[in-house]
Trainee: 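Below you will find the structure I want to go over with you.
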Amino acid sequence: MKAEPDAQARLLDLQELDTGLQRVEHRARTLPETAEAAALKERVDQIDSELVTAQTKVSDIEREQRKAERDVDQVRSRADRDTKRLESGQITNSKELQNLQSEITSLARRQAELEEVVLEVMERAEELNAQVVRLTAEREETVAKYTEVTARRDTAAAGIAMDRDTIVRDRERVAAEIPADLLALYDKLRAQYDGVAAAPLRYGRCGGCKLALSTVELNDIRATPADEVVRCEDCRRILVRTAESGLGGQAEQ
């Protein structure tokens, strides 16, 4: 393939722009704020799930507490009623009095047991309510962090997008100055070789694979017309001759 030396030199400008575009796109993919925002969002979702569970348990424990308190009230009311009967003096039968006193004693024990249940339920309710308060506070803090991080992410992404647009415009301008067949070869090689299709030959070394060319290879290039497109024998990228190629005066042909 033939192309004017100036057109070949423009490949290096195009390569620089494409490499810059790769860097910009890499920055866009690897913004630390993106990963941080995702982690914060995941934590918010996790807190929401924990909150639902804790609030459900609070509702359950509140029902349990109300039932336990009703049970205490019922036993207390019955004990009060029996005590009043006992103290009224209306019961004179000794066996009936004994049975009533036994029931009052039993009710007192039952009331004490139920009050212990109420206290235990209240302690659990207090722990659950404290958990809801803690999770609610953590959620508010995490949401605030998420909002701040996403704002930074969006600002950074907007800056990257502007940089990308600038590079894309410059690339279109430079690509328009390169012959279609040479540009097609460049694009094909760029897809094959990790985005690097053209490299300078400087001081006898390929700028693509960084390998030094042999004396035979340099002599072959030196003997090749300046408008002939040459390729690196090792990495097969387009090798663009420069004033620092180490070919003597051939690069200026």
Side-chain angles (χ1 to χ4, degrees), residues 24-163:
V24 165
E25 290 173 344
H26 177 74
R27 282 170 53 205
R29 291 193 303 270
T30 59
L31 274 175
E33 290 85 357
T34 299
E36 187 177 358
L40 288 168
K41 180 62 169 61
E42 182 178 354
R43 180 53 188 155
V44 170
D45 292 342
Q46 183 181 3
I47 292 172
D48 285 341
S49 177
E50 292 174 6
L51 262 175
V52 169
T53 300
Q55 289 167 342
T56 301
K57 288 181 178 179
V58 166
S59 297
D60 293 342
I61 204 75
E62 286 175 347
R63 284 194 297 272
E64 186 178 346
Q65 182 177 339
R66 288 192 296 270
K67 180 182 182 304
E69 289 172 345
R70 283 196 303 270
D71 291 343
V72 170
D73 290 341
Q74 288 174 356
V75 171
R76 185 185 294 117
S77 296
R78 184 172 176 181
D80 289 345
R81 185 171 62 250
D82 287 350
T83 301
K84 288 178 182 178
R85 286 182 62 201
L86 181 66
E87 294 173 348
S88 68
Q90 297 175 357
I91 301 175
T92 56
N93 184 291
S94 60
K95 185 175 182 180
E96 188 176 351
L97 282 172
Q98 186 179 358
N99 289 339
L100 188 57
Q101 287 174 336
S102 177
E103 182 176 349
I104 290 172
T105 301
S106 177
L107 287 171
R109 286 197 302 269
R110 179 59 178 159
Q111 181 177 334
E113 292 171 357
L114 289 173
E115 286 173 345
E116 285 294 325
V117 171
V118 170
L119 287 175
E120 187 270 333
V121 170
M122 288 176 66
E123 288 176 358
R124 284 193 286 135
E126 185 177 350
E127 291 175 0
L128 286 170
N129 279 306
Q131 183 181 10
V132 169
V133 170
R134 177 182 60 78
L135 287 171
T136 300
E138 184 182 355
R139 187 185 190 282
E140 291 176 356
E141 181 181 353
T142 306
V143 168
K145 287 182 180 178
Y146 174 76
T147 301
E148 185 267 333
V149 169
T150 52
R152 284 194 285 114
R153 179 202 62 193
D154 293 345
T155 298
I160 290 173
M162 290 179 62
D163 292 343

Trainee: Within the supplied structure, the quantity of interest is the number of heavy atoms (other residues, nucleotides, ligands) at a distance under 6.0 Å from E120 CD; does it exceed 12?
Mentor: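 Yes, because the 6.0 Å sphere around CD of E120 holds more than 12 heavy atoms from other groups.
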Trainee: Does this structure show an ion pair linking R76 with D80, if we count only N-O contacts that are shorter than 4.0 Å?
Mentor: no
Trainee: Taking all non-hydrogen atoms of both residues into account, name the closest pair between V58 and L128 and its distance.
Mentor: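 Minimum heavy-atom contact is CG2-CB, 3.6 Å.
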Trainee: Should K67 and E64 count as an ion pair when the cut-off is N to O under 4.0 Å?
Mentor: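 So K67 does not pair with E64 through a salt bridge.
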Trainee: Does T83 use its side chain to pair, donor to acceptor, with the backbone of A79 at less than 3.5 Å?
Mentor: yes
Trainee: Determine, stepwise, if the pair K84 / R81 fulfils side chain to side chain contact (heavy atoms under 4.5 Å, CB included).
Mentor: CA-CA 5 Å; K84 288 178 182 178; R81 185 171 62 250; 5.9 Å; no
Trainee: With the threshold set at 4.0 Å, does a side-chain nitrogen-carboxylate oxygen contact exist between R63 and D60?
Mentor: yes
Trainee: Kindly give the heavy-atom pair with the smallest separation between V149 and A37, and that separation in Å.
Mentor: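 Looking at all heavy atoms of both residues, the closest pair is CG1-N, 3.7 Å.
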Trainee: If the test is salt bridge (charged side-chain N to carboxylate O under 4.0 Å, His left out), which one of R27, K145, R152 qualifies with E33?
Mentor: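 Running salt bridge (charged side-chain N to carboxylate O under 4.0 Å, His left out) over R27, K145, R152 with E33 returns exactly one hit, R152.
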Trainee: Given 3.5 Å as the limit, does a donor-acceptor pair link the side chain of T34 with the main chain of T30, or not?
Mentor: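 Here the side-chain-to-backbone pair does not exist.
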Trainee: When rounded to the nearest 0.5 angstrom, what distance separates OG1 in T56 from CD1 in I61?
Mentor: 12.5 Å
Trainee: Could you walk me through whether E127 and Q131 pass the side chain to side chain donor-acceptor pair (under 3.5 Å) check?
Mentor: CA-CA 6 Å; E127 291 175 0; Q131 183 181 10; over 6 Å; no
Trainee: Between atom OG1 of T136 and atom CD of E50, what is the distance when rounded to the nearest 0.5 Å?
Mentor: 11.5 Å
Trainee: Measuring from atom OG1 of T53 to atom CG of D48, what distance do you get when rounded to the nearest 0.5 angstrom?
Mentor: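 Here the rounded value is 11.0 Å.
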Trainee: Working to the nearest 0.5 Å, report the span between CG of N129 and NZ of K57.
Mentor: 13.0 Å
Trainee: Answer yes when R153 and E36 have at least one side-chain N-carboxylate O distance shorter than 4.0 Å, and no when they do not.
Mentor: no
Trainee: Consider side-chain contact (heavy atoms from CB on, under 4.5 Å). Of E138, E140, E42, which one does I47 pass it with?
Mentor: E138
Trainee: Using only atom types and a distance under 3.5 Å, with no angle test, would you say the side chain of S77 pairs donor to acceptor with the backbone of D73?
Mentor: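 A pair under 3.5 Å: yes.
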Trainee: To the nearest 0.5 Å, how far apart are CG in L107 and CD in Q74?
Mentor: 11.5 Å
Trainee: Main chain of D45, side chain of S49: is a donor-acceptor contact present, judged purely on distance under 3.5 Å?
Mentor: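 No, because the side chain of S49 does not come within donor-acceptor range (under 3.5 Å) of the backbone of D45.
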Trainee: Can you see which heavy atom on L31 is nearest to which on A157, and at what distance?
Mentor: CD1-N, 4.0 Å
Trainee: Quick one: CD on E69 to CE on M122, what's the gap to the nearest 0.5 Å?
Mentor: 7.0 Å
